Amino acid sequence: MTEIGHGLLAHRSGAPVAEVRPRRFSVHGQEITDDYAWLKAENWQTVLKDPSALPDDIAAYLKAENAFAEQALAGSTELRRQLVAEMRGRIQEDESGVPEPDGPFAYYTRHRAGGQHPLICRRPATSPDVPETGPDPDETILIDGDREGEGLPFFEIAAAVHSDDHQRLAWSADTKGSELYTIRVRDVATGLDLDDRVDATSGEAVWAADGASFWYVAVDANHRPAKVMRHRIGTGQSEDETVYTEADAGYFVHIGKTQSGAFLDVTVSDHETSEVRLLDRHAEDAPLRLVEPRTPLLIYGVEHRGDRLFIRTNADGAEDFKIVTAPLDDPGRARWTDLVPHRAGVMIRHLHLLTGHLIRLEIENAKPRIVVRDLADGAEHTVAFEEEAYSLGLRAGLAFDTATIRFVYASMTTPSETWDYDCAARTRVLRKRQAVPSGHDPAAYVTRRLFATAPDGAQVPISLLHRRDLVLDGSAPLLLYGYGSYGTLMPAAFRTNLLSLVDRGFVYAIAHIRGGTEKGWRWYLDGKREKKPNTFTDFIACARALIAARYTAEKRIVAHGGSAGGMLMGAVANLAPELFAGIVADVPFVDVLNTMLDAELPLTPPEWPEWGNPGESEAAFRTILSYSPYDNVAAKDYPAILALGGLTDPRVTYWEPAKWVARLRATMTGGGPVLLRINMEAGHGGAAGRFDRLEEVALIYAFALMAVGKA
């Protein structure tokens with residue numbers, strides 16, 4: 001028995017040993033053996049809805065893993081308590097959001113002191129500004145999340161959408177962590193829910209203009225959002241009308257409302273193709289109208305103003321997207337006219353439309369900006385900031401006939417600031433600055449933007465945070481975070497929890513690796529399918545660049561990633577274990593080959609454009625087999641590993657980290673320990689309560705501190 005990082009015991013005695021029950025199958029002439037396939041419950045669909053249905057042998061194994069992980073981390077109990085207290089001390093417990101005006105009312109969320117869940121509230125739009133803390137004397141609490149979630153092991157509100165007449169609220173919640181949401185309808189005047197109840201939905205809801213019905217997306221038996229349904233108030237779910245059904249299992253269905261409020265927007269998409277239909281919310285029997293039929297690799301999204309549509313698209317080779325317009329009565333691609341042309345390397349991430357202005361959120365070389373266009377004369381101006389690395393988010397709001405937009409600015413040292421910006425007057429008003437009750441001095445910290453050189457010469461951005469008084473002599477521990485999939489951008493934002501690590505001498509770094517869109521759509525394309533290995537080598541290059549710049553050293557780095565970022569963790573553990581003192585793999589997608597071969601799993605068909613279809617394509621099979629973490633575990637020393645999962649997770653199913661940990665323990669020659677912790681009452685996002693979530697963060701941070709001897 002040896003001690004790693006003066007805290008984590010690197011031994012396998014007492015660790016659960018998963019029984020080997022080989023499952024052998026052949027793909028493209030190659031035999032694959034899966035020793036731990038039995039950990040996938042045959043009744044997994046039922047388990048998502050009812051965790052108690054988990055077979056006894058699997059339940060016993062997962063509970064043994066949880067007990068072993070707790071034993072290995074027993075020395076961190078007091079540290080975790082301190083971390084939770086610190087992180088909670090940075091939360092304004094009775095914080096209120098900035099109200100969003102919509103006609104006679106303004107809507108917002110807030111928390112009560114000590115409350116786990118949000119309160120959905122409204123007040124008259126003419127009332128004075130809502131206080132940043134505590135209740136507003138003019139408010140009405142529409143949904144009390146603490147009351148609704150009382151006594152439930154898991155509770156999460158997905159949406160709360162008011163009808164146009166402000167008399168009803170359609171709200172959805174998940175009580176299992178399985179992302180199967182039930183929609184209810186609340187009468188605002190009485191504060192009571194009607195008898196209406198719609199189960200097994202994606203959580204989205206859009207009201208018809210008359211408030212007599214709403215649309216929602218039904219989830220099928222394999223957990224895919226597949227149908228748009230219309231529910232009429234006062235009727236049973238069995239009477240709901242089918243508005244649209246998507247037959248292709250490779251596409252998901254989502255609904256929304258155009259900013260103008262005129263249309264229901266039905267979007268059908270995978271990761272590289274989309275198709276939009278519109279339905280007039282004001283006409284009782286209006287048909288769905290297709291904007292442009294789906295074409296492979298064509299992506300577009302629609303907004304509406306007057307007699308025209310405004311469309312963000314990658315059509316005609318606009319890799320980083322452009323904005324076009326089309327006549328509402330004939331919106332097909334043949335009638336699309338460029339309004340904002342494509343510029344390579346400047347990615348248009350988001351389009352927002354008001355009566356007199358078009359607003360777009362752009363990013364260039366990992367730095368975002370907002371560009372405002374006056375639709376009357378075409379004049380444009382930019383809202384940007386000067387810090388080396390920062391995040392900038394544009395919030396849609398509820399109003400259309402306005403010149404005001406809302407954006408949120410933050411950096412890794414600057415707490416979040418919510419601003420209202422008048423597009424016509426070009427003036428801004430600070431509506432809220434994130435409070436840190438226990439105190440925060442931005443001048444005590446440094447945020448930087450560095451670049452690492454990948455093996456093929458690509459320049460990979462890195463965002464950094466550390467204390468200003470930190471001596472950069474290579475001795476500091478460093479937490480390196482990465483994701484790198486689906487075109488997701490990792491913002492260089494302010495996160496109060498990180499201060500608990502940084503104040504203990506850590507450097508925190510985000511590796512903006514390929515597979516995201518920090519440097520445009522090409523940055524994403526160069527990190528998917530056959531180019532997926534770039535994501536892993538980029539991350540390793542970032543680690544080595546940080547070592548070379550003396551921010552840290554080998555075996556002083558703890559890597560962290562979740563979901564597809566957890567796959568990244570598994571890959572770099574196989575490729576460069578010598579670099580890391582520890583690895584945290586949060587709900588890790590590590591069983592890539594088996595999952596992509598199983599078309600019945602919730603996300604598999606829509607994932608084929610991202611990873612490739614190994615069942616149909618031998619090239620995709622060979623590529624995935626070459627990096628799939630579970631399939632590439634080898635007889636070598638591994639760093640300490642903490643794998644986290646959720647029993648009711650429909651995105652990365654619990655058996656992926658369970659199988660990976662079992663194979664690691666059976667194969668590795670030294671190092672570790674390898675720990676598995678499955679939340680038996682939650683899914684992909686972990687605990688839903690804001691304070692319960694701190695317990696999970698504290699566990700991760702304690703593991704990181706122990707791995708580098710800082711516990």
Side-chain angles (χ1 to χ4, degrees), residues 23-34 37 40 222-224 226 246-252 268-275 293-299 314 317 319 455-456 483-488 513-517 521-538 563-568 570-572 574-575 588-633 650-653 655-656 659-660 663:
R23 172 180 173 257
R24 296 181 176 88
F25 58 97
S26 181
V27 184
H28 300 296
Q30 180 162 337
E31 184 175 278
I32 304 294
T33 300
D34 186 353
K40 173 189 172 184
N222 285 332
H223 219 290
R224 300 186 186 106
E246 176 51 48
D248 190 332
Y251 287 80
F252 279 8
V268 181
S269 64
D270 60 14
H271 294 297
E272 58 187 19
T273 301
S274 63
E275 179 180 74
R294 72 187 70 169
T295 301
L297 306 182
L298 175 66
I299 299 173
N314 66 348
E319 184 173 82
D456 63 357
Y483 188 74
S485 292
Y486 306 116
T488 301
I513 50 186
R514 279 176 281 189
T517 48
W521 196 253
R522 175 58 52 181
W523 200 244
Y524 166 50
L525 297 179
D526 283 347
K528 66 183 294 190
R529 285 202 294 268
E530 71 278 2
K531 296 183 178 180
K532 190 64 205 170
N534 285 337
T535 301
F536 317 137
T537 53
D538 282 1
S563 195
M567 177 191 64
L568 167 69
V572 300
N574 289 330
L575 292 170
F589 177 35
V590 284
D591 194 12
V592 185
L593 182 62
N594 283 308
T595 295
M596 288 299 100
L597 285 170
D598 188 348
E600 295 305 310
L601 289 174
L603 295 184
T604 293
E607 294 291 292
W608 287 331
E610 183 76 14
W611 316 105
N613 184 342
E616 289 189 356
S617 166
E618 183 172 356
F621 168 77
R622 299 294 173 192
T623 298
I624 293 172
L625 182 61
S626 74
Y627 69 72
S628 176
Y630 177 65
D631 296 283
N632 285 277
V633 171
R651 297 174 183 263
V652 179
T653 47
W655 58 83
E656 295 214 19
K659 290 169 59 177
W660 180 50
R663 180 167 279 181

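Everything numeric here is computed off the predicted structure, so don't read it as measured data. One is the number of the first residue; the rest follow in order along the sequence.
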Test salt bridge (Lys or Arg N to Asp or Glu O under 4.0 Å) applied to Lys532 - qualifying residues, sequence neighbours left out = none
Could you pull out all residues at least two apart from [X] that satisfy ring pair (Phe, Tyr, Trp, His ring centres under 6.0 Å)?
{"X": "His271", "value": "Tyr486"}
{"X": "Tyr251", "value": "none"}
{"X": "Tyr483", "value": "none"}

Results of side chain to side chain donor-acceptor pair (under 3.5 Å) for Asn574 - residues two or more places apart only =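 With neighbours one apart ignored, the set is Tyr638.
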Quick one: list whatever passes side chain to side chain donor-acceptor pair (under 3.5 Å) with Asp526, sequence neighbours left out.
->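 Only Lys531 meet the side chain to side chain donor-acceptor pair (under 3.5 Å) criterion with Asp526.
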Backbone N or O of [Y] within a donor-acceptor pair of the [X] side chain at under 3.5 Å?
{"X": "Asp631", "Y": "Ser626", "value": "no"}
{"X": "Thr517", "Y": "Gly487", "value": "yes"}
{"X": "Thr535", "Y": "Arg514", "value": "yes"}

Using side-chain heavy atoms (C-beta onward) and a distance below 4.5 Å, is [X] in contact with [Y]?
{"X": "Arg294", "Y": "Asp248", "value": "yes"}
{"X": "Arg24", "Y": "Ile32", "value": "no"}
{"X": "Asn314", "Y": "Leu298", "value": "yes"}
{"X": "Glu31", "Y": "Thr33", "value": "yes"}
{"X": "Ile299", "Y": "Trp521", "value": "yes"}
{"X": "Arg529", "Y": "Pro609", "value": "yes"}
{"X": "Tyr630", "Y": "Asp34", "value": "yes"}
{"X": "Phe536", "Y": "Met567", "value": "yes"}

To check you understand the geometry: which heavy-atom pair defines the closest contact between [X] and [Y], and what is its length?
{"X": "Trp660", "Y": "Gly570", "answer": "CZ2-CA, 3.7 Å"}
{"X": "Arg224", "Y": "Ala599", "answer": "NH2-O, 2.5 Å"}
{"X": "Gly612", "Y": "Pro614", "answer": "O-CD, 3.2 Å"}
{"X": "Phe25", "Y": "Leu597", "answer": "CE1-CD1, 3.9 Å"}

Approximate separation, where rounding is to 0.5 Å, of [X] [atom1] and [Y] [atom2]:
{"X": "Ile513", "Y": "Trp523", "atom1": "CD1", "atom2": "CH2", "value": "9.5 Å"}
{"X": "Glu616", "Y": "Met596", "atom1": "CD", "atom2": "CE", "value": "13.0 Å"}
{"X": "Thr623", "Y": "Glu618", "atom1": "OG1", "atom2": "CD", "value": "10.5 Å"}
{"X": "Asn534", "Y": "Leu525", "atom1": "CG", "atom2": "CG", "value": "11.5 Å"}
{"X": "Tyr627", "Y": "Leu575", "atom1": "OH", "atom2": "CG", "value": "12.0 Å"}
{"X": "Asp270", "Y": "Glu607", "atom1": "CG", "atom2": "CD", "value": "9.5 Å"}

If you measure from the Lys or Arg side-chain nitrogens to the Asp or Glu carboxylate oxygens, is any gap between Glu272 and Lys528 under 4.0 Å?
->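 Between Lys528 and Glu272 there is a salt bridge, with a charged N closer than 4.0 Å to a carboxylate O.
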Salt-bridge criterion met for Lys40 and Asp591 (N-O under 4.0 Å) =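 Looking at Lys40 and Asp591, the cut-off is not met.
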Single hit among Thr595, Val592, Val590 for side chain to side chain contact (heavy atoms under 4.5 Å, CB included) with Ser628 | Val592
Stepwise, does the side chain to side chain donor-acceptor pair (under 3.5 Å) test hold for Glu319 with Tyr524?
-> CA-CA 11 Å; Glu319 184 173 82; Tyr524 166 50; over 6 Å; no
